[in-house]
Amino acid sequence: KAELEKMPGGSAPSEEDEAAQVSRGSGVCKWFNVRMGFGFLSMSCRDGATVEPPVDVFVHQSKLHMEGFRSLREGEPVEFTFKKSSKGLESLRVTGPNGAPCLGSDRRSKGNQKRRSKTDRCYNCGAPGHHAKECQLPPQPKKCHFCQSLSHMVASCPLKVQQRATLDTQGGAAAMETEGEPSRGTDTEMTD
């Protein structure tokens, strides 16, 4: 700061100028993207004066005053300090009414949620709760993962081929036939 003041033509903003640039506002959350962690506030009151029409103020989750996962609910009443930045109005600190913590959204980012893993199953007997190396049964015959048949493996499963052909004829056949190509689900693939 002192170096800028000494430089010819350069001046650093004083603390009073910086404090004058920060304003107080109140309003409601216009929208907030929980996954991206930002949104906009609709400011209806600025430094005690009513703002008509309401003005949008950018808000980032890092500026929210609350515990745990930081987010806002659409329509949630808020009070905030903000400044004008190169991109527009930007919030510096956001609270609920009278400085209370923000309430936040019921939604949580899917990235933050712990994935529920399928219960571990034994590859040998298929029972949950243990793995094949801990299985008490002797090695079982291998079977198809798709239909559980002992006569073939999943790579040559006729039910899987049939299901794929049915999906192809339902979903993609109409589009392919309009282009002049025959559909892939023909009788020649289904016969044994």
Side-chain angles (χ1 to χ4, degrees), residues 1 3-5 10-121 126 128-129 131 145-146 160 163-179:
K1 185 173 168 179
E3 291 173 3
L4 287 174
E5 290 173 358
S11 64
S14 67
E15 289 179 23
E16 293 166 0
D17 291 341
E18 289 178 4
Q21 293 174 352
V22 175
S23 300
R24 293 193 57 76
S26 64
V28 296
C29 174
K30 186 174 184 178
W31 62 267
F32 192 88
N33 185 318
V34 175
R35 189 172 68 80
M36 300 299 284
F38 71 89
F40 281 89
L41 308 173
S42 182
M43 178 170 52
S44 56
C45 190
R46 177 180 187 160
D47 293 322
T50 303
V51 177
E52 223 20 81
V55 178
D56 290 348
V57 179
F58 176 80
V59 60
H60 187 264
Q61 58 86 14
S62 64
K63 307 301 182 190
L64 301 178
H65 174 68
M66 63 189 302
E67 293 290 322
F69 185 81
R70 294 185 297 261
S71 65
L72 289 174
R73 177 176 300 178
E74 192 173 315
E76 178 178 342
V78 290
E79 293 179 355
F80 50 93
T81 55
F82 66 96
K83 68 176 182 176
K84 187 170 185 173
S85 71
S86 61
K87 295 181 180 180
L89 300 179
E90 182 179 334
S91 62
L92 300 173
R93 185 169 195 264
V94 180
T95 67
N98 301 317
C102 298
L103 298 174
S105 174
D106 291 335
R107 298 180 187 170
R108 295 290 182 254
S109 171
K110 289 185 178 178
N112 291 343
Q113 291 176 349
K114 291 183 179 176
R115 295 182 186 255
R116 290 185 185 174
S117 62
K118 294 179 182 176
T119 56
D120 288 339
R121 291 193 172 269
H131 295 278
H145 291 293
F146 189 78
K160 188 170 185 178
Q163 183 185 34
R164 187 173 293 152
T166 303
L167 290 174
D168 286 346
T169 57
Q170 288 175 353
M176 285 191 287
E177 287 173 359
T178 58
E179 296 173 5

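For the single chain, residues carry numbers from 1 onward in sequence order. These numbers were taken from a predicted model, which means no experiment stands behind them.
Interatomic distance, CG of Leu72 versus NZ of Lys63, reported as 14.0 Å (0.5 Å rounding).
Contacts classified as side-chain hydrogen bond (donor to acceptor under 3.5 Å, both in side chains) and involving residues 74-89 (residues at least two apart or in different chains) are given here: Ser85-Glu90. A ring-ring contact (aromatic ring centres under 6.0 Å, His included) check over residues 82-102, counting only residues at least two apart or in different chains, returns the pairs Phe80-Phe82.
With sequence neighbours excluded, no residue satisfies side chain to side chain donor-acceptor pair (under 3.5 Å) with His131. Under the side chain to side chain donor-acceptor pair (under 3.5 Å) criterion, Arg24 pairs with no residue at all, not counting sequence neighbours. Shown here are the salt bridge (Lys or Arg N to Asp or Glu O under 4.0 Å) partners of Arg73, two or more places apart in sequence or in another chain: Asp106.
Formation of a donor-acceptor pair under 3.5 Å by the Asn98 side chain with backbone atoms of Ala100 is not found in this model.
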Throw together a table of side-chain donor-acceptor distances under 3.5 angstrom for residues 48-61, partners on residues two or more places apart or in other chains.
{"from": "Asp56", "atom 1": "OD1", "to": "Lys30", "atom 2": "NZ", "distance (Å)": "3.2"}
{"from": "Asp56", "atom 1": "OD2", "to": "Lys30", "atom 2": "NZ", "distance (Å)": "2.9"}
{"from": "His60", "atom 1": "ND1", "to": "Ser62", "atom 2": "N", "distance (Å)": "3.1"}
{"from": "His60", "atom 1": "ND1", "to": "Ser62", "atom 2": "OG", "distance (Å)": "2.9"}
{"from": "Gln61", "atom 1": "OE1", "to": "Arg70", "atom 2": "NE", "distance (Å)": "2.9"}
{"from": "Gln61", "atom 1": "OE1", "to": "Arg70", "atom 2": "NH2", "distance (Å)": "2.9"}

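Counting all heavy atoms, side chain and backbone alike, Ser105 lies closest to Ser71 at N-OG, 2.9 Å. A pairwise comparison of heavy atoms in Ser23 and Arg46 identifies OG-NH2, 3.7 Å as the closest pair.
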